[in-house]
Amino acid sequence: DAGVIQSPRHEVTEMGQEVTLRCKPISGHNSLFWYRQTMMRGLELLIYFNNNVPIDDSGMPEDRFSAKMPNASFSTLKIQPSEPRDSAVYFCASSSLGESRNYGYTFGSGTRLTVV
Amino acid sequence: AQSVTQLGSHVSVSEGALVLLRCNYSSSVPPYLFWYVQYPNQGLQLLLKYTSAATLVKGINGFEAEFKKSETSFHLTKPSAHMSDAAEYFCAVSGRYSSASKIIFGSGTRLSIRP
């Protein structure tokens with residue numbers, strides 16, 4: 001099992017540009033979570049999906065952020081336009097629906113985003 | 001609603017000394033509790049979990065945690081620290097009877113090991 005795969009590992013972009021982060025969950029997992037980690041705010045849940053359907057997006061900071069999960073094996077987190085305060089490490093995690101309570105999540109290695 | 005509070009954003013111990021990382025939880029329903037570890041430039045890894053069986057839970061790398069309902073605590077311990085234990089540790093909680101699969105993380109405790 002390759003685990004949760006995120007791409008790119010590092011992204012540097014200029015303010016105002018569109019940024020797309022990608023995630024491939026573990027095969028068979030049907031819950032997917034996007035987190036943002038910063039020194040100031042710690043680990044924040046942005047949005048999560050069950051069976052490709054967004055369940056809770058209350059953590060999405062503002063309209064510049066959007067997330068999609070077109071199928072069970074792929075999700076994107078898009079920031080448009082990007083701002084320097086969006087600089088952070090973005091993590092994707094997946095689990096089996098209803099089983100995360102028992103087994104927790106499996107996290108990807110993260111995407112380090114720097115907006116200059 | 002569930003939440004966790006980790007006491008101490010940074011803990012430093014000597015190699016070979018006892019490691020104690022504190023976590024208190026708040027939950028309106030019986031909780032599931034987790035400890036995760038994050039090494040530099042990596043994602044979070046599950047260290048151990050409490051899901052209602054034994055209150056003393058053993059995890060990987062010699063860590064263990066004890067669920068104490070009366071104290072609403074789930075502190076993480078290791079008898080003898082090793083240099084490789086230096087990392088960020090996160091306590092997390094999920095509601096046992098909640099249909100949602102969301103897990104709430106604490107703010108993290110950075111563990112440093114002195115030679």
Side-chain angles (χ1 to χ4, degrees), chain A residues 2-7 9-10 21 23-26 29-59 88-113, chain B residues 1-10 23 25 27 29-53 57 59-60 63 65 67 74 76 87-110:
Chain A
V4 176
I5 299 173
Q6 291 187 247
S7 64
R9 285 299 307 274
H10 302 276
L21 311 181
C23 176
K24 177 179 170 56
I26 289 176
H29 281 187
N30 45 19
S31 292
L32 184 140
F33 308 82
W34 282 101
Y35 283 86
R36 178 172 68 176
Q37 186 178 37
T38 61
M39 289 292 293
M40 291 297 294
R41 301 174 69 92
L43 200 61
E44 303 173 274
L45 177 63
L46 301 178
I47 185 171
Y48 77 95
F49 298 82
N50 283 349
N51 292 325
N52 312 335
V53 175
I55 302 300
D56 183 353
D57 65 354
S58 59
V89 180
Y90 291 81
F91 288 103
C92 177
S94 71
S95 73
S96 296
L97 181 63
E99 293 300 320
S100 61
R101 295 190 291 273
N102 284 324
Y103 302 110
Y105 302 164
T106 301
F107 278 80
S109 299
T111 294
R112 182 175 296 276
L113 173 66
Chain B
Q2 294 88 35
S3 66
V4 287
T5 301
Q6 292 185 241
L7 304 175
S9 60
H10 182 208
C23 173
Y25 70 90
S27 179
V29 298
Y32 286 154
L33 294 160
F34 308 85
W35 275 99
Y36 280 81
V37 60
Q38 184 181 28
Y39 297 103
N41 300 315
Q42 294 186 26
L44 280 71
Q45 302 174 32
L46 183 63
L47 202 55
L48 51 80
K49 62 185 184 294
Y50 165 75
T51 57
S52 81
V57 181
I60 61 173
F63 283 93
F67 173 71
F74 190 58
L76 182 70
E88 186 98 16
Y89 291 80
F90 293 89
C91 182
V93 64
S94 178
R96 182 176 306 182
Y97 302 127
S98 171
S99 60
S101 54
K102 187 165 62 175
I103 294 178
I104 305 300
F105 287 86
S107 56
T109 297
R110 183 163 61 91

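Given the structure is predicted, the values throughout are model-derived calculations rather than measurements. Each chain gets a letter, A, B and so on, in the order the sequences are listed, and its residues count up from 1.
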A.B. asks: Taking all non-hydrogen atoms of both residues into account, name the closest pair between A:Phe91 and B:Gln38 and its distance.
C.D. replies: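 Between these two residues, the closest heavy atoms are CZ-NE2, 3.2 Å.
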
A.B. asks: Check whether A:Arg9 gets within reach of chain B through its side chain, its backbone, both or neither, counting any heavy atom under 4.5 Å.
C.D. replies: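 The answer is the side chain of A:Arg9.
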
A.B. asks: Rounded to the nearest 0.5 Å, how far does CG of A:Leu45 lie from CD1 of B:Ile104?
C.D. replies: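 It comes to 6.5 Å.
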
A.B. asks: Tell me every residue that passes ring-ring contact (aromatic ring centres under 6.0 Å, His included) with A:Tyr35, counting only those two or more places apart in sequence or in another chain.
C.D. replies: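 With sequence neighbours excluded, A:Tyr35 shows a ring-ring contact (aromatic ring centres under 6.0 Å, His included) to A:Phe107, B:Phe105, given in chain and number order.
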
A.B. asks: Checking the side chain of B:Tyr36 only, and the main-chain atoms of A:Tyr105 only, is there a donor and an acceptor separated by less than 3.5 Å?
C.D. replies: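 Pair found, side chain donor or acceptor close to backbone of A:Tyr105.
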
A.B. asks: Indicate the atoms forming the closest heavy-atom contact of A:Gln37 with B:Phe90, along with that distance.
C.D. replies: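 Minimum heavy-atom separation between A:Gln37 and B:Phe90: NE2-CZ, 3.4 Å.
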
